[in-house]
Amino acid sequence: MATLIAYYSRKGENYWAGGIKTLEKGNTERVAEFVAEATNGDLFEIRTKKDYPESYLECIEEAKTELQADARPELETHPESLDAYDTIFLGYPNWWGTCPMCVFTFLENYDLTGKRIIPFCTNEGSGMGGSERHLKRICDGAIVEHGLSVTGSQATQSRAKVLAWAKSMA
């Protein structure tokens, strides 16, 4: 069986060490690439059909509205099947204490029974929030492992930490 690294990441304006910074590559994408390096897994980027606002502050307000509505934003694409994968590393930024709603859209497309879900998230101090608990509820029948929290502004420098963690979890 193979390993999948599915992730949602935001490039452009991001919260970064107490301010706003424009990123060429999202923090979660950087961490996902390190996980793929450690596991030789397949990368899949979760992308929404509708783009979030370019402004970080507007984006998080829209994310808050989605969370309050328990929305499931439509995805651009998704793998037809996850049958070939027994382990799924799942990456996302911590938005309002949990995963972006598009991550739940992705997960709810599949029967995850018997699969290992290994979450990792980027944030600027809020850790995993309630995301692990929420993933256990959404991923019925899956084994949801304890995740890894990476400070977003340290994502580029987190390679050694992420490689060691991913290898220990694979």
Side-chain angles (χ1 to χ4, degrees), residues 1-11 14 25-53 59-123 126-150 152 155 162 165-170:
M1 293 292 260
T3 298
L4 177 68
I5 301 95
Y7 68 93
Y8 174 78
S9 190
R10 177 177 166 82
K11 46 190 130 205
N14 272 265
K25 182 182 285 196
N27 297 321
T28 307
E29 182 176 6
R30 289 189 187 282
V31 176
E33 289 171 348
F34 297 147
V35 173
E37 180 183 345
T39 64
N40 290 319
D42 299 330
L43 277 170
F44 178 78
E45 182 179 5
I46 299 167
R47 293 188 308 262
T48 55
K49 273 195 175 179
K50 180 183 170 223
D51 290 334
Y52 286 98
C59 173
I60 60 168
E61 283 307 310
E62 186 169 323
K64 184 179 186 181
T65 300
E66 287 179 354
L67 176 63
Q68 291 170 337
D70 200 25
R72 294 297 184 266
E74 194 174 352
L75 302 183
E76 214 172 83
T77 185
H78 52 83
E80 191 162 312
S81 169
L82 297 183
D83 291 348
Y85 303 103
D86 59 346
T87 300
I88 301 166
F89 283 85
L90 183 67
Y92 47 89
N94 180 332
W95 282 1
W96 299 106
T98 194
C99 309
M101 294 294 100
C102 62
V103 171
F104 296 138
T105 303
F106 172 79
L107 294 168
E108 289 173 347
N109 273 301
Y110 305 102
D111 176 4
L112 300 171
T113 303
K115 298 196 183 295
R116 280 180 73 213
I117 308 295
I118 306 170
F120 60 95
C121 84
T122 57
N123 61 84
S126 51
M128 299 297 291
S131 65
E132 291 163 313
R133 184 176 70 253
H134 302 147
L135 289 170
K136 286 177 182 176
R137 190 176 65 239
I138 294 288
C139 300
D140 192 39
I143 299 158
V144 179
E145 303 283 1
H146 181 65
L148 176 70
S149 169
V150 177
V162 173
W165 170 78
K167 286 176 183 178
S168 77
M169 297 300 287

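By convention here, the first residue in the shown sequence is residue 1.
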Working for side-chain contact (heavy atoms from CB on, under 4.5 Å), residues Ile60 and Trp96 = CA-CA 8 Å; Ile60 60 168; Trp96 299 106; 4.1 Å; yes
key: Residue pair Met169, Arg116: steps toward the side-chain contact (heavy atoms from CB on, under 4.5 Å) verdict   = CA-CA 10 Å; Met169 297 300 287; Arg116 280 180 73 213; 4.0 Å; yes
ask   = Given the rule in the side-chain contact (heavy atoms from CB on, under 4.5 Å) test, do Leu82 and Lys115 qualify, once you have shown the distances and angles that lead to the verdict?
value = CA-CA 9 Å; Leu82 297 183; Lys115 298 196 183 295; 4.2 Å; yes
request  = Show your working on salt bridge (charged side-chain N to carboxylate O under 4.0 Å, His left out) between Asp51 and Lys49 and close with a plain yes or no.
outcome  = CA-CA 6 Å; Asp51 290 334; Lys49 273 195 175 179; over 6 Å; no
request  = Take Glu74 and Lys50 through the salt bridge (charged side-chain N to carboxylate O under 4.0 Å, His left out) test and state the conclusion after the steps.
outcome  = CA-CA 8 Å; Glu74 194 174 352; Lys50 180 183 170 223; over 6 Å; no
message = Let's go through Leu67 and Lys64 carefully: what are the C-alpha distance in whole Å and the side-chain angles of both, what is the deciding distance for side-chain contact (heavy atoms from CB on, under 4.5 Å) to 0.1 Å, and is it a yes or a no?
response = CA-CA 5 Å; Leu67 176 63; Lys64 184 179 186 181; 5.6 Å; no
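Taking the six-membered ring for Trp and the full ring otherwise, the centers of Trp95 and Tyr8 sit less than 6.0 Å from each other.
In this structure, the separation between CG on Asn94 and OG on Ser126 is 3.5 Å, given to the nearest 0.5 Å. Here the CD1-CG distance, from Ile46 to Leu90, works out to 5.5 Å after rounding to the nearest 0.5 Å. Remark: Arg10 CZ to Thr48 OG1 distance equals 10.0 Å, nearest 0.5 Å. We find the CD-CD1 distance between Glu145 and Ile143 to be 6.5 Å, quoted to the nearest 0.5 Å. Interatomic distance, CG of Leu112 versus CD1 of Ile138, reported as 10.0 Å (0.5 Å rounding).
Closest of all the heavy-atom pairs between Gly152 and Asn27 is O-OD1, 3.1 Å. The two residues Gly26 and Lys11 come nearest to each other via the heavy atoms N-CB, 3.8 Å. Closest of all the heavy-atom pairs between Cys121 and Gly127 is SG-O, 3.2 Å. Between Ala2 and Asp86, the shortest heavy-atom contact is O-OD1, 3.0 Å. Nearest heavy-atom pair across Pro53 and Cys59 is O-CB, 3.7 Å. Of all heavy-atom pairs between Gly147 and Glu132, the closest is N-OE2, 2.5 Å.
For the pair Ile118/Ile88, no side-chain contact is recorded, criterion being any heavy-atom separation below 4.5 Å from C-beta on. With a 4.5 Å cut-off on side-chain heavy atoms, Arg30 and Lys25 count as touching. Asp42 places none of its side-chain heavy atoms less than 4.5 Å from the side chain of Phe44. Two residues are said to be in side-chain contact when any heavy atoms from C-beta on lie closer than 4.5 Å; Trp165 and Val35 meet this criterion. Side chains of Thr3 and Asn40 form no contact here, defined as non-hydrogen atoms less than 4.5 Å apart. For the pair Ile117 and Phe89, the minimum side-chain heavy-atom distance is 4.5 Å or more. Side-chain contact between Thr122 and Val31 is present, with at least one heavy-atom pair separated by less than 4.5 Å. When side chains are defined from C-beta on, Arg72 does not count as touching Glu66, because their heavy atoms never get closer than 4.5 Å.
Under the 3.5 Å distance criterion, with hydrogens and angles disregarded, no donor-acceptor pair is assigned to the side chains of Tyr7 and Glu33. Checked by atom type, the side-chain pair Ser131/Thr98 shows no donor-acceptor distance below 3.5 Å. The closest side-chain donor-acceptor pair between Asn123 and Ser149 falls under 3.5 angstrom.
Other residues, nucleotides and ligands contribute more than 12 heavy atoms inside 6.0 Å of the CD atom of Gln68. Taking a 6.0 Å sphere around CG of Asp140, one finds it holds 12 or fewer heavy atoms contributed by other residues, nucleotides or ligands.
Judged by distance alone, with hydrogens and angles left aside, the side-chain atoms of Tyr85 form no donor-acceptor pair with the main-chain N or O of Gly41 at under 3.5 Å. Checking side-chain atoms of Ser9 against main-chain N and O of Glu29 turns up a donor-acceptor pair under 3.5 Å.
For Glu37, the side-chain hydrogen bond (donor to acceptor under 3.5 Å, both in side chains) partners are Arg159, not counting sequence neighbours. Arg47 meets the salt bridge (Lys or Arg N to Asp or Glu O under 4.0 Å) test with Glu45, Glu76; sequence neighbours excluded.
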Tell me which donor-acceptor pairs under 3.5 Å the side chains of residues 99-106 have, and how far apart each pair is, sequence neighbours excluded?
residue	atom	partner	partner atom	Å
Thr105	OG1	Pro73	O	3.0
Thr105	OG1	Met101	O	3.4

